[in-house]
Structures are given as C-alpha cells and as structure tokens.
2 protein chains.
Amino acid sequence: MPVRPIPEATVARLPVYLRVLLEMAERGLKTVSSNGLAEATGVNPAKVRKDLSYLGTYGTRGVGYDVEYLTFQVRRVLGLEQIWPVAIVGAGNLGRALANHKGFAERGLRIVALLDSNSRRIGQKVGGLLIEPVEELDRVVKEREVAIAVIATPASVAQEIAERLVGAGVTSLLNFAPTLINVPAGVSVRSVDLAVELQILSYYEERRTAGRS
Amino acid sequence: MPVRPIPEATVARLPVYLRVLLEMAERGLKTVSSNGLAEATGVNPAKVRKDLSYLGTYGTRGVGYDVEYLTFQVRRVLGLEQIWPVAIVGAGNLGRALANHKGFAERGLRIVALLDSNSRRIGQKVGGLLIEPVEELDRVVKEREVAIAVIATPASVAQEIAERLVGAGVTSLLNFAPTLINVPAGVSVRSVDLAVELQILSYYEERRTAGRS
DNA sequence: AACTGTGAACGGGTTCACAGCC
DNA sequence: GGCTGTGAACCCGTTCACAGTT
C-alpha cells in the first residue's frame with residue numbers, strides 16, 4: 001500500500017516506466033539505476049527517484065532497482081495485475097487501429113468489444129474481433145464487465161455515447177472525438193485530440209520559422 | 001505580437017479554445033464571455049481570461065470577446081494562418097485514420113504525404129492520398145516543404161524514421177510509436193502512447209474499485 | 001450590472017543537493 | 001564510489017479577488 005497519495009503527474013509517468021522496464025527485462029537486464037530509467041524515458045533522474053519513492057522504497061543504494069521487482073510494483077500500483085476488458089465505440093479507422101493494436105495484452109488491457117452504428121461495418125472482423133451494433137452497448141458493457149471504454153466516434157455523437165456508456169456502468173473514458181465530454185463526478189475522462197497535438201507543434205514551428213525571409 | 005512569452009500550459013490550451021470558437025462562429029454567436037468559453041472547454045473561467053490575456057487585451061469589459069476577432073488572434077498566435085503541409089510515416093490503421101481525417105484543413109493542417117515501407121500498401125489510395133514508398137521520404141519532405149511529420153510506425157523503426165525526417169528538414173514530430181524519440185535541440189517532439197492513456201485510467205479505476213468485495 | 005485583466009496568494013511539481021546506505 | 005531517498009528551494013501554473021471599464 002502506498003503511504004503517501006501519488007501525485008497525478010507521477011501517475012501519468014508510471015506507465016512509461018513500466019514500458020521501458022518490460023523492454024529491459026526482455027533484454028535480460030537485472031537491475032537499473034534511476035539514470036538508466038531516465039535515459040530510456042526522457043525523464044530527469046531526480047524525478048524518476050522521487051516518482052518511484054511514492055510507491056515505496058524499492059531501490060538499493062549503490063546498486064539501483066531490481067527490474068523484475070520494480071516491474072511488479074509498478075504494475076500493482078497501476079492496477080495492471082488484472083487485465084481490464086475495454087470496449088471501443090466507433091469502428092472507423094481509429095477504432096480499428098486500436099482494436100488491431102498488438103501489445104495491449106502485455107500491458108494489462110484487452111479489447112473485448114468494437115461497436116459501430118453503421119450497418120455496413122457490423123459483422124466485419126477486425127483483429128479477431130467482430131464489429132457489433134451500437135444498440136448492443138448496454139448489454140455488452142454489462143455482460144463483459146467493461147469498466148474502461150474508448151470513444152472513437154464523430155464529435156457529434158460523442159456526448160451521447162459517453163452517457164450511454166456511463167449509464168451502462170463504465171467509469172473511465174478515453175475520448176478521441178474533438179469535443180468536450182461531460183460526465184458525472186466519479187467518472188474519469190481523458191481526451192486526445194489529434195489536431196490539437198499538431199496545432200501545438202504549429203505554435204513552436206511558427207516561432208522557429210518567424211523572422212526568416 | 002505577444003509582449004509576454006506564452007506559457008507552455010497556455011499554448012496547449014489555445015487549440016482547444018480555437019476549436020470551440022470555430023463551433024461558436026458556426027452557430028452564429030457574435031461574442032462570448034470567459035464563462036462561455038469555460039463551459040465549452042472545461043477550463044475554469046479565470047484560467048481562460050489569464051490565457052487570453054497573454055495574447056493581448058482583446059476582450060471588452062462588461063461584454064466579453066468578439067468571436068471572430070478572437071478566432072483570428074488565436075489562429076495568428078498558433079501560426080495557423082498558413083496551412084502546414086504534414087507528412088505521415090506509416091500507413092497502418094493509425095496512419096490511415098489520420099490521413100482520412102476530415103477537418104484538418106479547417107484547422108490549419110494538410111496531409112501531403114503518406115509513406116510506408118510495405119510494398120503491398122504502396123500505390124493504394126487513402127482519402128485521396130497515394131501511399132508512397134518510404135524511400136522517397138527525403139525527396140517528399142523537401143519538395144513539399146514538410147515541417148511537421150507524424151510517426152505512425154512500429155516502435156522498432158520509429159527512431160530511425162525520426163532521424164531521417166529530421167535529416168530531411170522536419171523540425172516538429174508527433175510520435176505515436178510507444179518509444180522515446182531522441183532528437184537534436186531545436187526539434188520539437190510530442191508523443192502520444194495510446195496504451196499509456198488507458199493505463200493511466202486503470203490507476204484511477206483500480207482505486208475506485210478497490211475495497212469492493 | 002456585467003465582465004475583463006491582473007496583481008497577489010496559493011499549491012503542485014520539479015530540481016537541487018546531500019545525508020544515508022550498500 | 002555509486003546510487004537511492006528526501007527535505008528544502010525553486011519554479012510554474014492555477015485560483016482568488018478585486019480594481020477597472022463599458
């Protein structure tokens with residue numbers, strides 16, 4: 001049990017540590033220092049140490065961290081000892097990209113449903129998964145005990161889908177639609193807007209270019 | 001010209017303001033208050049005002065902000081008066097999802113190339129765009145004056161692709177591969193790891209569920 | 001009265017620097 | 001000597017609260 005509460009910023013980096021720890025284990029590395037983790041993640045070494053200190057004191061002074069044991073601890077703290085069943089709503093390119101993605105399994109996630117409203121898509125297979133009609137949302141979420149869902153629909157229906165998901169019992173949403181999702185307290189939402197990411201780059205790009213003739 | 005430098009956190013929110021401003025203009029809204037923007041973006045009103053104050057003093061006390069004029073200013077600051085030619089490397093589902101995405105144009109971005117190494121994909125058309133061989137990367141970037149590129153390849157080749165992109169003159173990268181990208185100073189990188197996003201949700205989900213029997 | 005613009009207070013997160021342990 | 005763990009200092013971003021403007 002973590003004694004101190006873990007800061008949000010730290011929580012957001014834990015999955016990155018986990019990713020490189022898994023790589024390191026694969027390469028046969030037994031121990032790793034905060035410097036090693038820093039290089040592999042792009043996070044500064046002091047920050048790595050402070051982040052890991054929130055989980056407990058799992059390092060050995062003069063040596064570093066045991067890769068396997070630290071992996072276990074990070075997994076545990078993130079709640080990734082279990083495999084979360086995830087539903088994806090929207091079987092456009094993005095939804096299919098996610099459904100196809102290998103490597104979720106190793107990272108504690110399994111896509112158990114891919115729903116769409118377009119009848120021409122329903123029945124198609126994507127990465128071993130059948131596209132099902134969005135009308136089945138409620139039943140699917142309940143039967144497959146989905147707690148985390150991905151919204152990969154057009155913005156125009158995203159809010160409505162979010163409400164149906166929450167109504168069915170989903171309490172975590174990852175939203176790719178370019179629109180704000182309102183949810184009741186107690187439900188988490190993370191949003192990724194691809195155009196926004198590119199537009200942020202545009203700002204810095206503009207500064208670089210500005211002044212050239 | 002902005003007098004004060006604009007904080008990173010503010011820059012990251014400007015595209016979101018832009019998005020809702022465009023929606024509001026579409027709905028015929030002439031002016032909007034910081035409260036209105038706050039509701040539509042999920043950002044708190046004081047933060048909205050402070051953010052916008054970095055661009056200049058474009059509001060009217062007692063009234064709010066002129067939607068059209070503010071849109072123009074946000075666009076200008078973000079460097080989105082021009083349309084940036086963007087290249088995508090990797091024509092898997094994710095690359096194709098991006099290439100297909102409508103609404104980039106309105107938001108100052110145009111996908112001008114979609115490159116892949118798989119010969120079976122080359123020559124296919126995606127959203128009016130031809131998939132071209134990655135060998136052409138250097139030529140394509142130079143000829144089409146690409147400054148911003150998207151990496152949608154497997155992690156194993158992402159660093160190599162990044163280096164080729166930078167070598168060809170790209171100075172902003174949006175990376176979807178689950179791996180750290182090292183670039184020389186003066187190049188911007190933003191990374192989006194879809195599994196990481198889900199794993200962050202897992203943490204909060206776990207806390208919610210913990211203690212249930 | 002409504003709403004912006006902003007100093008000032010606050011809080012969280014980052015980084016430093018070093019004591020403590022192997 | 002090498003590396004962790006952490007108080008303390010610092011920095012950035014957020015929020016408050018109100019003076020200023022229409």
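Chain A is the first sequence line, chain B the second, and so forth, proteins listed ahead of strands; every chain is numbered from 1. Just so it is clear, the structure is predicted and the values come from calculations on it, not from any experiment.
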Between atom [atom1] in [X] and atom [atom2] in [N], what is the gap in whole Å?
X: Lys50(B); N: dA9(C); atom1: NZ; atom2: P; answer: 13 Å
X: Arg49(B); N: dC3(C); atom1: CZ; atom2: C1'; answer: 7 Å
X: Lys47(A); N: dG13(C); atom1: NZ; atom2: C1'; answer: 8 Å
X: Tyr54(A); N: dG12(C); atom1: OH; atom2: P; answer: 11 Å

Under a 4.5 Å cut-off applied to non-hydrogen side-chain atoms, are [X] and [Y] in contact?
X: Leu55(A); Y: Leu14(A); value: yes
X: Val43(B); Y: Tyr17(B); value: yes
X: Arg75(B); Y: Leu18(B); value: yes

Short side-chain donor-acceptor distance under 3.5 Å, Asp66(A) and Thr31(A)
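No, because no side-chain N or O of Thr31(A) sits under 3.5 Å from a partner of the opposite role on Asp66(A).
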Please determine, by modelled atom types, if Ser188(B) and Glu205(A) share a side-chain donor-acceptor pair under 3.5 angstrom.
no
Below 30° counts as parallel, above 60° as perpendicular, anything between as tilted: where do the rings of Phe72(A) and Tyr69(A) land?
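Taking Tyr69(A) first and then Phe72(A), their aromatic rings lie parallel (interplane angle under 30°).
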Give the C-alpha distance, both sets of side-chain angles, the deciding distance and a yes or no for side-chain contact (heavy atoms from CB on, under 4.5 Å) between Leu198(B) and Ile148(A).
CA-CA 8 Å; Leu198(B) 289 169; Ile148(A) 303 177; 3.8 Å; yes
What's touching nucleotides 19-22 of chain C from the protein side, N or O pairs under 3.5 Å?
from, atom 1, to, atom 2, distance (Å)
dG20(C), N3, Arg61(A), NH1, 3.0
dC22(C), O4', Arg61(A), O, 3.2

Is atom CD of Glu8(A) surrounded by more than 12 heavy atoms (other residues, nucleotides or ligands) closer than 6.0 Å?
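Open: at most 12 neighbouring heavy atoms sit under 6.0 Å from CD of Glu8(A).
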Test Asp193(B) against Arg107(A) for salt bridge (charged side-chain N to carboxylate O under 4.0 Å, His left out), laying out the working first.
CA-CA 12 Å; Asp193(B) 183 325; Arg107(A) 296 169 80 179; 3.1 Å; yes
Does the pair Thr179(A) and Gln159(A) meet the rule for a side chain to side chain donor-acceptor pair (under 3.5 Å), with working shown?
CA-CA 8 Å; Thr179(A) 184; Gln159(A) 177 63 39; over 6 Å; no
Audit row: Asn44(A), Lys47(A), side-chain contact (heavy atoms from CB on, under 4.5 Å) steps and yes/no:
CA-CA 5 Å; Asn44(A) 121 352; Lys47(A) 211 191 277 185; 3.8 Å; yes
Looking at residues 8-28 of chain B, who's got a heavy atom less than 4.0 Å off DNA chain D?
Glu8(B), Ala9(B), Arg13(B)
Taking heavy atoms of chain B and a 4.0 Å limit, find me the 5'-most and 3'-most nucleotide of DNA chain D within that range.
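It runs dG13(D) to dT22(D).
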Of Val32(A) and Asn44(B), whose closest DNA chain D nucleotide lies nearer the 5' terminus?
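This one resolves to Val32(A).
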